[in-house]
Structures are given as C-alpha cells and as structure tokens.
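See structure below.
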Amino acid sequence: MAETMSLLLVSGTADKLMAGSIIASGGVANGMDVDIFVSFWGLMEMKKNAPPNMKLSYEGKDMADQIFAIMKEKKVPGWKEMLRQAKEIGTVRVYGCAMFADLLGLKKEDLDPMVDEIIGVSEFVSKAKESKMTLFI
Amino acid sequence: MTMSEEIKATKVIDARGSFCPGPLMELIRAYKEAKTGDVISVYSTDNGTKKDAPVWIKKSGNELVGIFDREGYIEIVMKKTR
C-alpha cells in the first residue's frame, strides 16, 4: 500500500491553496497517496463555479496585484488546475469538512467535482493517524 | 557526441515556460503512458525541475540518461526501465 500524505487546508487565499496543490503534486510525484481535508475558507473556494481567487494572505496583501500580474504573464496555472493535474497523475482524495458544509448548508453537489466526499473531522484524523506525514497549510 | 546521436527519444515533452512542478508532472504523466524501454526527454526552463526531475527519475528506479544544457533551456532525458 502506498504511503499517504495528509493535508489540511483551511485558508481561502490563493497562496495557501496553491501551496497545497504544489505539495500535493510533490506527494504524488513521490508515489504517495494524498488526502486533503478542506474546511472553512478553503471549502468556500471549492464551491462550484467559485470565481477566480485573487486574494493573498496577510503578509502578501500589499503585493497581491503585482503577484497576480506576474502569474498571469508567466501563465502559471491556478491552484485548481494544478490539483486536477495531481489527481490525474496519482491518487489525491479531496474531502470537504462536514461541519463547515453543514454550517453553510453545502452538499457535495454544491462543490467542485474534484471534491470526492464530505467527511467528518474524526474520519480525517483516523486517516491522518495512519499517514506518513500531516501538514497544516 | 550529442545526446540525439547517442539515443533517440521515444517522446519529447516541451515544458518550456512551465513552472515547478509543471515539467515534472508532465514527465510523470508521459512516464505512466510509456512502455518499458521508452526514452523520454523533457525540455524545461524551470530551475526547480533541474533538481527535482533527476531525483524523481532515480528514486522511481528508472535510468537518468542525462541532463543537457541547451540554449536557454535544459533537456532531461530518462529511460523507463520499470
């Protein structure tokens, strides 16, 4: 059985989401399965047809316009596209957080098709417990 | 002797302009579709790939044929051995 990497995505800013996608890509490149648990603002960005994310976390706020302009100019793929690519290459499972989904009345069909399932925190922790590494991004 | 004279790539991936981890992911995708014995070459302008791709090739138990500095890009060549 492949080793697993567990990622916890809570933030909804492009930098954090992109870091998650890139690390997930690194995981599948190393032959690992990747389990991603997405909650709060991360899950908000996983809503179906969410507009392109143009927010950066606090430290990068002042540079946001510049960073997004550079990324556009250099045709850097967005985090969703990168995550989709990682899913094509290896095993990446994306889990929506049941608590936050309930809070907002979100169902699996309200979320991007790359979300495989909505699960509770305990199920995620039980998976993370067996995994090789767990990262909170 | 240049690489192309030594060994002929079965598949060439032009990932120039793509950023880490793009070229490596394209290489892995091509690797999955390739047959044992196939030679895959990837062109990259990304410096991360220069380090990442050879590590992946060796770790995955395949053969790193070579890393070649071309004009304005690098070419990494692997042979699928497993």
Side-chain angles (χ1 to χ4, degrees), chain A residues 1-5 7 9 14-34 36 52-54 56 60 63-64 66-94 114 132-133 135 137, chain B residues 10-36 38-67 70-82:
Chain A
M1 218 172 92
E3 290 174 338
T4 303
M5 173 197 276
L7 301 180
L9 283 176
D15 48 354
K16 299 265 190 170
L17 293 165
M18 192 162 231
S21 297
I22 293 174
I23 294 169
S25 304
V28 296
N30 279 280
M32 297 178 97
D33 287 358
V34 182
I36 309 178
N53 187 318
M54 301 296 271
L56 287 184
M63 281 183 77
Q66 194 188 342
I67 294 288
F68 286 114
I70 293 170
M71 280 171 44
K72 195 178 168 193
E73 184 199 318
K74 299 199 169 174
K75 298 193 179 72
V76 177
W79 67 274
K80 271 189 192 171
E81 200 186 323
M82 229 181 264
L83 199 53
R84 259 180 231 120
Q85 196 183 31
K87 280 189 96 137
E88 275 172 39
I89 285 170
T91 305
V92 179
R93 293 169 292 250
V94 180
M114 75 173 129
K132 188 91 177 167
M133 59 196 284
L135 301 173
I137 297 161
Chain B
T10 320
K11 188 172 171 67
V12 176
I13 305 152
D14 189 350
R16 286 175 290 184
S18 176
F19 291 86
C20 172
L24 176 61
M25 300 310 268
E26 288 188 47
L27 177 65
I28 296 175
R29 191 195 303 258
Y31 163 77
K32 292 205 162 184
E33 288 164 3
K35 292 188 290 286
T36 305
D38 281 359
V39 174
I40 309 165
S41 160
V42 58
Y43 300 166
S44 173
T45 45
D46 171 68
N47 283 321
T49 303
K50 194 173 180 174
K51 292 183 183 295
D52 258 9
V55 171
W56 178 82
I57 292 164
K58 286 179 198 159
K59 257 200 121 169
S60 60
N62 291 284
E63 185 189 328
L64 176 65
V65 176
I67 306 165
R70 304 291 185 217
E71 268 174 55
Y73 66 97
I74 51 156
E75 178 176 5
I76 298 161
V77 185
M78 70 166 281
K79 187 173 183 184
K80 179 166 177 165
T81 51
R82 52 166 290 177

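Both backbone and side-chain heavy atoms feed into the values below; hydrogens, waters and symmetry mates do not.
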Please tabulate, one pair per line, the N or O donor-acceptor pairs under 3.5 Å between chain B and chain A.
residue : atom : partner : partner atom : Å
B/R29   : NH1  : A/E88   : OE1          : 2.3
B/K32   : NZ   : A/I89   : O            : 2.4
B/W56   : NE1  : A/A29   : O            : 2.7

*Got a sec, which residues hit side chain to side chain contact (heavy atoms under 4.5 Å, CB included) with B/V12, two or more places apart in sequence or on another chain?*
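With neighbours one apart ignored, the set is B/A9, B/S41, B/Y43.
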*side chain to side chain contact (heavy atoms under 4.5 Å, CB included) partners for A/M54, two or more places apart*: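 A/M54 satisfies side chain to side chain contact (heavy atoms under 4.5 Å, CB included) with A/F68 once adjacent residues are dropped.
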Contact between [X] and [Y] at the side-chain level, heavy atoms closer than 4.5 Å - yes or no?
{"X": "B/I13", "Y": "B/L27", "answer": "yes"}
{"X": "B/E75", "Y": "B/V42", "answer": "no"}
{"X": "A/M18", "Y": "A/V76", "answer": "yes"}

*How many angstroms lie between OG1 in B/T10 and NZ in B/K79, if you round to the nearest 0.5 Å?*
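B/T10 atom OG1 to B/K79 atom NZ measures 9.0 Å (nearest 0.5 Å).
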